[in-house]
Participant: 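There's a structure below that I have some questions on.
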There are 2 protein chains.
Amino acid sequence: MQLGFIGFGEAAFSISCGLKEQGIGAIVAYDPMWDHPTYGAQVQGRAETAQVELMKTPEEVLQRANVLIVAVPADKALGVSETLKPHLKAGDLYIDVSAASPKVKKAIWETIEETGAALVDAAMVGALLVDKHKVPILASGSGTDRFIELMYPFGMNITKVSEIPGDASAIKLIRSIFMKGFAALGIELLEAAHHFNVEELVISGIGDSLDGKSFEWSLNRMVTGTAIHAQRRIVELEGSIEMLQESDLNSVMSEAVKEKLKRVASHNLKEKFQGVIPGSWLEVIEAMKH
Amino acid sequence: MQLGFIGFGEAAFSISCGLKEQGIGAIVAYDPMWDHPTYGAQVQGRAETAQVELMKTPEEVLQRANVLIVAVPADKALGVSETLKPHLKAGDLYIDVSAASPKVKKAIWETIEETGAALVDAAMVGALLVDKHKVPILASGSGTDRFIELMYPFGMNITKVSEIPGDASAIKLIRSIFMKGFAALGIELLEAAHHFNVEELVISGIGDSLDGKSFEWSLNRMVTGTAIHAQRRIVELEGSIEMLQESDLNSVMSEAVKEKLKRVASHNLKEKFQGVIPGSWLEVIEAMKH
């Protein structure tokens, strides 16, 4: 294996530092800013620190490397694959670690497929600066098994999702909705609870409902219950929103929850399920498609 | 104790049926619909089933009863207290079980305070039709201890929150934001995960982050982390929102999360905390006040 980076920003720098410590050997890299009057010094400084050899063109990286980690901004990822395509060889491994969408990752695969290179859609799901090359990575696409096999000796933490480019990025982006949403809901909750000086009882009350149950169990219970009771919960939420507004508290999350429940209610799920809470969230999501 | 209901809808009917089974003795009730051409028959039928004696005016209920459960729609609760005020006696117990806001519950207290009656702000937090009189109730206000003492023998499930009217309703309405929000976020999550056929990995991934931790611990971790990293998370969320939109999936929750994080970011918390994640959510909420 000869490893090369396209894009030598924070991500590539962190990973290559970690891999070097594990004794990976020579690494080459190209960054379009390598000779930039302002930013060039930073790129060159990082390369020196990581003991990575900077190339002047992406072609040079591809002449040397057969395992390519493409670490560019999400909106550049597709264009870069088009630029690199003429220089890719059969058997090359193209690992896109950008935060691009599943659609873009699929488009990258369609771009490079005929070169005979294998693609890895790699989605980093941890703290890169802390974990460096050990950052948890979800991976999908035709090159995933080889990526894991090659990088396992150097301590990389890669979980295979599927053979389909886009799946890894979809999981990352979807999970992110819930985790960031939990935080945003939590902030709206705590702003209100603190205002009314009832934070302890609010937190312990929710804890009584959630603690000791798995996320999957709670998710299923809440989604299936909401399917049947959406209309009533919209009315109840109006009380909560009114309370926030009376107290000059921000209510952007609560209003979105109301909108979402209205959308659920518009599917008449109570009738579809004849008033009986369905057994699984899947029935709810399927019923909302029609 | 002589118990009376003002408003004899579903809530009063469920509670009185349960209390009757526990042998509470005579109950009187007034409902403005008692002789309504259309709805009168239902009110009278319910009263008969529950063995509750219907009165023709609220005054008659107050002549007979010294413990009053006021079970009227939230938007009627304050007006009803003004109507009842002239007939209240010192020592009466006025239990408002409506879904009115803390502000309204406080206004009810201000209305009836000088009569010498004691108030209970009672917030029902369970499934009334299933639990009947045993529905979990949060209670606050001057009459709370007496309410618990009187009703404990009949199996009512009342938790004292404080002596302040409005506290019980605030807890119910605030908790409700989070629980309904969890469901709404869950639906947005599952719609996307199902579309991309990655539901198992998404659910198990979030489970890895949440399962086995208390709600309080997770809440604290996510809120304090968001305080420092709001700006970066906004950019990441844009990727998620773009993905939903590309796939024609509803994104109302994700967009609200982005708005909420923008609001957090506008407080420059990263600077205020000098880049170090604070120890407690309270520091975050306090810092967002200024």
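Computed from a predicted structure; not experimentally measured. Each chain gets a letter, A, B and so on, in the order its sequence line appears, and its residues count up from 1.
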Participant: At a heavy-atom separation under 4.5 Å, does I187(B) approach chain A through its side chain, its backbone, both, or neither?
Facilitator: both
Participant: Examine whether an atom of I203(A) lies under 4.5 Å from a heavy atom of chain B, and if so say whether it belongs to the side chain, the backbone or both; otherwise answer neither.
Facilitator: both
Participant: Should the heavy atoms of other residues, nucleotides or ligands under 6.0 Å from CD of E238(B) be counted, would the total exceed 12?
Facilitator: yes
Participant: Please determine, among E242(A), M253(A), E216(A), the option with the most heavy-atom pairs under 4.5 Å with chain B.
Facilitator: M253(A)
Participant: Below 4.5 Å from any heavy atom of chain B, which atoms of A99(A) appear? Answer side chain, backbone, both or neither.
Facilitator: neither
Participant: Can you tell me which portion of S240(A) sits under 4.5 Å from chain B's heavy atoms? Options are side chain, backbone, both or neither.
Facilitator: both
Participant: Need one label for A74(A): side chain, backbone, both or neither, based on atoms under 4.5 Å from any heavy atom in chain B.
Facilitator: neither
Participant: Scan H229(B), R233(B), K258(B), M222(B) and name whichever one has a side-chain contact (heavy atoms from CB on, under 4.5 Å) with K180(A).
Facilitator: R233(B)
Participant: Determine the minimum heavy-atom distance between V252(B) and A256(A), stating which atoms define it.
Facilitator: O-CB, 3.8 Å
Participant: Once rounded to the nearest 0.5 Å, what's the spacing between atom CE of M243(B) and atom NZ of K172(A)?
Facilitator: 11.5 Å
Participant: Return the minimal non-hydrogen interatomic distance between A170(A) and F196(B), and the atom names on each side.
Facilitator: CB-CG, 3.8 Å
Participant: Heavy-atom pairs under 4.5 Å with chain A: which of G181(B), A230(B), S254(B) has the most?
Facilitator: G181(B)
Participant: Stepwise, does the side-chain contact (heavy atoms from CB on, under 4.5 Å) test hold for E255(B) with E259(A)?
Facilitator: CA-CA 12 Å; E255(B) 284 167 64; E259(A) 285 311 304; over 6 Å; no
Participant: Looking at every non-hydrogen atom in both residues, tell me the closest pair between L189(B) and I174(A) and how far apart they are.
Facilitator: CD1-O, 3.4 Å
Participant: If you count every heavy atom of other residues, nucleotides or ligands that lies below 6.0 Å from K134(A) atom NZ, does the total exceed 12?
Facilitator: no
Participant: Measuring from M179(B):CE to L185(A):CG, what's the distance to the nearest 0.5 Å?
Facilitator: 11.0 Å
Participant: Taking C-beta and beyond as the side chain, do V284(A) and L190(B) meet within less than 4.5 Å on heavy atoms?
Facilitator: no
Participant: With a 4.5 Å cut-off on side-chain heavy atoms, are H194(A) and M288(B) touching?
Facilitator: no
Participant: Under 3.5 Å, side-chain donor or acceptor atoms of residues 156-163 of chain A against the rest of the protein: list the pairs with distances, not counting sequence neighbours.
Facilitator:
from    : atom 1 : to      : atom 2 : distance (Å)
K160(A) : NZ     : D145(A) : OD1    : 3.0
K160(A) : NZ     : D145(A) : OD2    : 3.2
K160(A) : NZ     : E163(A) : OE2    : 2.5
S162(A) : OG     : I164(A) : N      : 3.0
S162(A) : OG     : D167(A) : OD2    : 2.7

Participant: Under the side chain to side chain contact (heavy atoms under 4.5 Å, CB included) test, which residues partner D211(B), sequence neighbours left out?
Facilitator: S214(A), F215(A)
Participant: Tell me if the NZ atom of K272(B) is crowded by more than 12 foreign heavy atoms within 6.0 Å.
Facilitator: yes
Participant: Who wins among I241(A), V198(A), I206(A), V104(A) for the most heavy-atom pairs under 4.5 Å with chain B?
Facilitator: I206(A)
Participant: In sequence, state the C-alpha distance, the side-chain angles, and the governing distance for E191(A) and K289(B), and then conclude on side-chain contact (heavy atoms from CB on, under 4.5 Å).
Facilitator: CA-CA 9 Å; E191(A) 285 176 313; K289(B) 283 184 183 172; over 6 Å; no
Participant: What closest approach, in Å, do V223(B) and A183(A) show between heavy atoms, and which atom pair accounts for it?
Facilitator: CG2-O, 4.1 Å
Participant: If you measure from CD on E188(A) to CZ on R263(B), what distance do you get to the nearest 0.5 Å?
Facilitator: 8.0 Å
Participant: Heavy-atom cut-off 4.5 Å, strictly under: side chain, backbone, both or neither for V235(B) against chain A?
Facilitator: neither
Participant: Tell me, side chain or backbone of L244(A) under 4.5 Å from chain B's heavy atoms, or both, or neither?
Facilitator: side chain
Participant: If you count every heavy atom of other residues, nucleotides or ligands that lies below 6.0 Å from E246(A) atom CD, does the total exceed 12?
Facilitator: yes
Participant: So which residue, R221(B), H195(B), E286(B), K213(B), ends up with the most heavy-atom pairs under 4.5 Å with chain A?
Facilitator: E286(B)
Participant: Can you give me the closest heavy-atom contact between L173(B) and E236(A), atom names plus distance?
Facilitator: CD2-O, 4.2 Å
Participant: Could you tell me which non-hydrogen atom of R175(A) sits nearest to which non-hydrogen atom of G205(B), and how far apart they are?
Facilitator: NH2-CA, 3.4 Å
Participant: Checking heavy atoms, do the side chain of L138(A), its backbone, both or neither come under 4.5 Å from chain B?
Facilitator: neither
Participant: Is atom CD of E10(A) surrounded by more than 12 heavy atoms (other residues, nucleotides or ligands) closer than 6.0 Å?
Facilitator: no
Participant: Just so I understand: if I count every heavy-atom pair under 4.5 Å between each of L210(B), L219(B), T226(B) and chain A, which residue has the most?
Facilitator: L219(B)
Participant: Is chain B contacted by the side chain of I285(A), its backbone, both, or neither, given a heavy-atom distance below 4.5 Å?
Facilitator: side chain
Participant: Less than 4.5 Å apart, any side-chain heavy atom of N250(A) and any of K260(B)?
Facilitator: yes
